[in-house]
Amino acid sequence: MPNSSTLNPSVRWDSPGPGTLRRWQALIPGWFAAEARDLPWRRPDCTPWGVLVSEIMLQQTPVVRVLPRWEDWMRRWPAPADLAAAPTGDVLRAWDRLGYPRRALRLKEAAAAITARHGGKVPEDEAELRALPGIGEYTAAAVAAFAHGRRSTVLDTNIRRVLARAARGEAAPPPALSRTEYRWAAALVPEDEAVSVRWNAGLMELGALVCTARSPRCTACPLAADCTWLAAGRPGAEAPTVRKQTWHGTDRQLRGAVLAVLRAGDAAVPRGLLVSGREGTASVPESLTESQLEALARLRRLNPDPARMDRIVTGLIGDRLAQENPEGLTLPD
DNA sequence: AATTCGGGGGT
DNA sequence: ACCCCAGAATT
C-alpha cells in the first residue's frame with residue numbers, strides 16, 4: 001500500500017538517522033527536565049482528573065489564559081462526580097471566557113460518563129478515553145501519557161511543528177494530520193515508557209517555548225545542531241493559507257456578544273445561561289434578568305438584520321426566552 | 001477534506 | 001488586520 005510520500009514526491013517524510021534519533025531521545029527528555037515550566041497540572045500531586053481538565057481547557061487556548069480558570073475549577077470540582085452533579089449554568093459561568101463553551105458542556109458529560117461507567121476514575125486506555133465526549137485523538141494520547149504515564153503518540157500543533165522542522169526541514173506541518181504523518185511520528189517515540197512521557201512533554205514544551213510558530217529561538221534549542229530546517233537556512237513557510245473565516249459581521253461574533261450578556265448579570269438575581277452547538281441546546285431552568293433582556297435588546301438595535309438576531313438568540317437560549325416573550329423574540333426596546 | 005465551534009494577546 | 005493558540009465534531 002503506497003503512502004502519500006510515494007504518491008507525491010514533493011512530500012518528504014525523512015526521518016532522522018538511527019544515531020540522530022537516539023541523540024534526540026536523550027536530549028528532549030533532558031531538556032524538559034531542566035527547562036519545563038512549573039505548571040500546576042504537571043505537579044506530582046495533580047490527579048488524572050486535573051490533567052484531563054487541563055487538556056480540555058488547553059484545546060486551542062494558551063496556557064496563560066487557562067491557569068486561573070483551572071485553579072478555580074479544580075477547587076470547586078475536585079473530582080469527576082463533583083462536576084457531574086453541578087448545574088450547567090454554574091459550569092458555563094465557571095468556564096468564563098475561555099472560548100468554545102461546548103468544551104465545558106462536554107467536560108461535564110465526560111465527568112458523568114467517568115462517574116457512571118468508570119467508577120469515577122479517569123480511564124488509562126486510549127480507546128476508552130477516546131470514547132468520552134470532547135476527547136479526540138490528541139487528548140486521549142495526552143491524558144494517557146501525562147495523567148497515567150503511559151507510552152503514546154501525542155501529536156499537537158507544537159509537536160507537529162517541531163518534528164516538521166527538525167526532521168523534515170519544513171517550516172510548518174501539513175494543514176491536516178494524515179495517517180502517514182501519524183505513523184511517521186509514532187515511530188520516533190522512545191520505547192521506554194517513562195522516557196516516552198518526557199519525550200512527548202518535552203517536544204510539546206519545546207514547541208511552546210523555543211520552536212514557536214513565528215519567532216523561533218533557535219539559539220536556545222537543544223536540537224539546533226541536528227535541525228534540518230535550521231541547516232537549510234530556515235526557509236519561509238510555504239504558507240498553506242487555509243483562508244480563515246472573517247470575524248466581523250459573522251454569526252460567531254454576534255453569538256459571542258450574546259453569550260457575554262448571558263454570562264454576565266447581577267449575581268444576586270437568578271439567571272439563565274444556555275449555550276448550544278450543532279449537537280443541541282443545553283439549558284438551565286432559570287430566567288433572564290431585566291438587565292440582560294435590555295442588553296440583548298441593545299444588541300438587536302445594533303444589528304441591522306433582526307431575523308438573524310432572532311436566529312442567533314434562539315440558537316443560544318432556545319425556547320425559554322420565547323416562552324417569556326410570547327411575541328416571538330420581541331425584546332424590550 | 002472542509003467547516004464550524006470563542007476569545008484574547010502578540011505582531 | 002492578521003496570526004496563533006496542548007483540537008473536536010460534523011458534514
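Convention: sequence-line order gives letters A, B, ...; per-chain numbering from 1.
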Original post:
Quick one: does Val189(A)'s side chain get under 4.5 Å of Arg151(A)'s, heavy atoms only?
Top reply: yes

Original post:
Do the non-hydrogen side-chain atoms of Ile114(A) and Leu52(A) ever get within less than 4.5 Å of each other?
Top reply: yes

Subject >> Nearest-nucleotide 5' precedence on DNA chain B, Ala176(A) against Tyr100(A) >> reply: Ala176(A)

Original post:
Would you call Trp95(A) and Leu105(A) a side-chain contact if the rule is heavy atoms closer than 4.5 Å?
Top reply: no

Original post:
Of all of residues 187-215 of chain A, which get a heavy atom below 4.0 angstrom from DNA chain C, listed by number?
Top reply: Met204(A), Ala213(A), Arg214(A)

**OP:** Give me the residues of residues 29-45 of chain A where at least one heavy atom lies under 4.0 Å from an atom of DNA chain C, by number, or none.
**Re:** Arg37(A), Leu39(A), Trp41(A), Arg42(A)

Original post:
Hey, does Gly99(A) reach any base, or is it just sugar-phosphate, or nothing, if we go heavy atoms under 4.0 Å?
Top reply: base

Original post:
Is a donor-acceptor contact shorter than 3.5 angstrom present between the side chain of Arg252(A) and the base of dG6(B)?
Top reply: yes

Original post:
Which residue pairs pass the salt bridge (Lys or Arg N to Asp or Glu O under 4.0 Å) test with at least one member in residues 111-125 of chain A, sequence neighbours excluded?
Top reply: Glu124(A)-Arg150(A)

Show me, pair by pair, the donor-acceptor contacts under 3.5 angstrom made by side chains of residues 205-217 of chain A, not counting sequence neighbours?
residue   : atom : partner   : partner atom : Å
Glu205(A) : OE1  : Arg37(A)  : NE           : 3.4
Glu205(A) : OE1  : Arg37(A)  : NH2          : 2.8
Glu205(A) : OE1  : Arg42(A)  : NH1          : 3.4
Glu205(A) : OE1  : Arg42(A)  : NH2          : 2.8
Glu205(A) : OE2  : Arg37(A)  : N            : 2.8
Glu205(A) : OE2  : Arg37(A)  : NE           : 2.9
Glu205(A) : OE2  : Arg42(A)  : NH1          : 3.1
Thr212(A) : OG1  : Ser215(A) : O            : 3.3
Arg217(A) : NH1  : Leu209(A) : O            : 3.1

Original post:
Got a sec, which pairs hit ring-ring contact (aromatic ring centres under 6.0 Å, His included) with one end in residues 178-232 of chain A, sequence neighbours left out?
Top reply: Trp13(A)-Trp184(A)

Subject >> Spacing between Arg106(A) atom CZ and dC5(B) atom P, to the nearest angstrom >> reply: 12 Å

Original post:
Among dA8(C), dG7(B), dC5(B), which is the nearest nucleotide to the side chain of Thr139(A)?
Top reply: dA8(C)

Subject >> Residues touching DNA chain C, which here means a heavy atom under 4.0 Å, drawn from residues 122-135 of chain A >> reply: Arg130(A), Pro133(A), Gly134(A), Ile135(A)

Subject >> Side-chain donor/acceptor of Asp156(A) to backbone N/O of Asn158(A), under 3.5 Å >> reply: yes

Original post:
Between the side chains of Gln59(A) and Thr139(A), is a donor N or O closer than 3.5 angstrom to an acceptor N or O?
Top reply: yes

Original post:
Does any residue of residues 47-63 of chain A have a heavy atom under 4.0 Å from DNA chain B, and if so, which ones, in number order?
Top reply: Gln60(A), Thr61(A), Pro62(A)

Subject >> Base of dG7(B) paired with side chain of Arg65(A) (donor-acceptor, under 3.5 Å) >> reply: yes

Subject >> Separation of dA1(B) C1' from Arg179(A) CZ (nearest whole Å) >> reply: 15 Å

**OP:** Answer with yes or no after comparing the ring centroid distance for Trp77(A) and Trp49(A) against a 6.0 Å cut-off, counting only values under it.
**Re:** no

Subject >> Distance, P atom - from dT4(B) to dA6(C), rounded to whole angstrom >> reply: 24 Å

Original post:
Expressed as a whole number of Å, how far does the P atom of dT11(C) sit from that of dG6(B)?
Top reply: 16 Å

**OP:** Only counting residues at least two apart or in another chain, list the ones meeting salt bridge (charged side-chain N to carboxylate O under 4.0 Å, His left out) with Arg97(A).
**Re:** none

Original post:
Are the side chain of His148(A) and the backbone of Val122(A) linked by a donor-acceptor contact shorter than 3.5 Å?
Top reply: yes

Subject >> Runs of at least three Watson-Crick or G-U pairs with DNA chain B, cut-off 3.5 Å >> reply: B:1-5 with C:7-11, B:7-11 with C:1-5

**OP:** Check the distance between dT4(B)'s P and Arg103(A)'s CZ and give it to me in whole angstrom.
**Re:** 19 Å

Original post:
What are the two closest heavy atoms between Glu181(A) and Pro174(A), and how far apart are they?
Top reply: OE1-CD, 3.7 Å

Original post:
What are the two closest heavy atoms between Met74(A) and Gly50(A), and how far apart are they?
Top reply: CE-CA, 3.5 Å

**OP:** Whole angstrom is fine here: how far is it from CH2 in Trp95(A) over to P in dG7(B)?
**Re:** 12 Å

**OP:** Rounded to the nearest angstrom, tell me the gap between atom CG in Leu98(A) and atom P in dG6(B).
**Re:** 13 Å

Original post:
What pairs with Arg234(A) under salt bridge (charged side-chain N to carboxylate O under 4.0 Å, His left out), at least two apart in sequence or on another chain?
Top reply: none

**OP:** Take the protein atom CG of Leu177(A) and the nucleotide atom C1' of dA8(C), then report the distance between them rounded to whole Å.
**Re:** 13 Å

Subject >> DNA chain C contacts among residues 66-75 of chain A, heavy-atom distance under 4.0 Å >> reply: none

Subject >> Short side-chain to backbone donor-acceptor contact, Thr61(A) and Leu58(A), under 3.5 Å >> reply: no

Original post:
Do Trp73(A) and Ile56(A) come within less than 4.5 Å of each other through their side chains, counting heavy atoms only?
Top reply: no

**OP:** May I ask you to decide if Ala33(A)'s main-chain N or O and Arg198(A)'s side chain share a donor-acceptor pair within less than 3.5 Å?
**Re:** no

Original post:
Closer than 4.0 Å, any side-chain N/O of Arg255(A) to the OP1 or OP2 of dC5(B)?
Top reply: yes

Original post:
Does the side chain of Leu203(A) come within less than 4.5 Å of Leu163(A)'s, by heavy atoms?
Top reply: yes

Original post:
Is there side-chain contact between Asn200(A) and Ser152(A), with at least one heavy-atom pair below 4.5 Å?
Top reply: yes

Original post:
Got more than 12 heavy atoms from elsewhere within 6.0 Å of CZ, Arg76(A)?
Top reply: yes

Subject >> Side-chain (Lys108(A)) to main-chain (Val91(A)) donor-acceptor, under 3.5 angstrom >> reply: no

Original post:
How many Å lie between CZ on Arg97(A) and C1' on dC5(B), as a whole number?
Top reply: 19 Å

Original post:
CG of Leu39(A) to CH2 of Trp70(A): how many Å apart, nearest 0.5 Å?
Top reply: 9.5 Å

Original post:
Do any of residues 146-163 of chain A sit with a heavy atom less than 4.0 Å from DNA chain C, and if so which?
Top reply: Asp156(A), Thr157(A), Asn158(A), Arg161(A)

Original post:
Taking atom P of dG7(C) as reference, at what distance in whole Å does atom OH of Tyr182(A) sit?
Top reply: 16 Å

**OP:** Could you check whether Glu137(A) gets within reach of a base, just the sugar-phosphate, or nothing at all, counting any heavy atom under 4.0 Å?
**Re:** sugar-phosphate

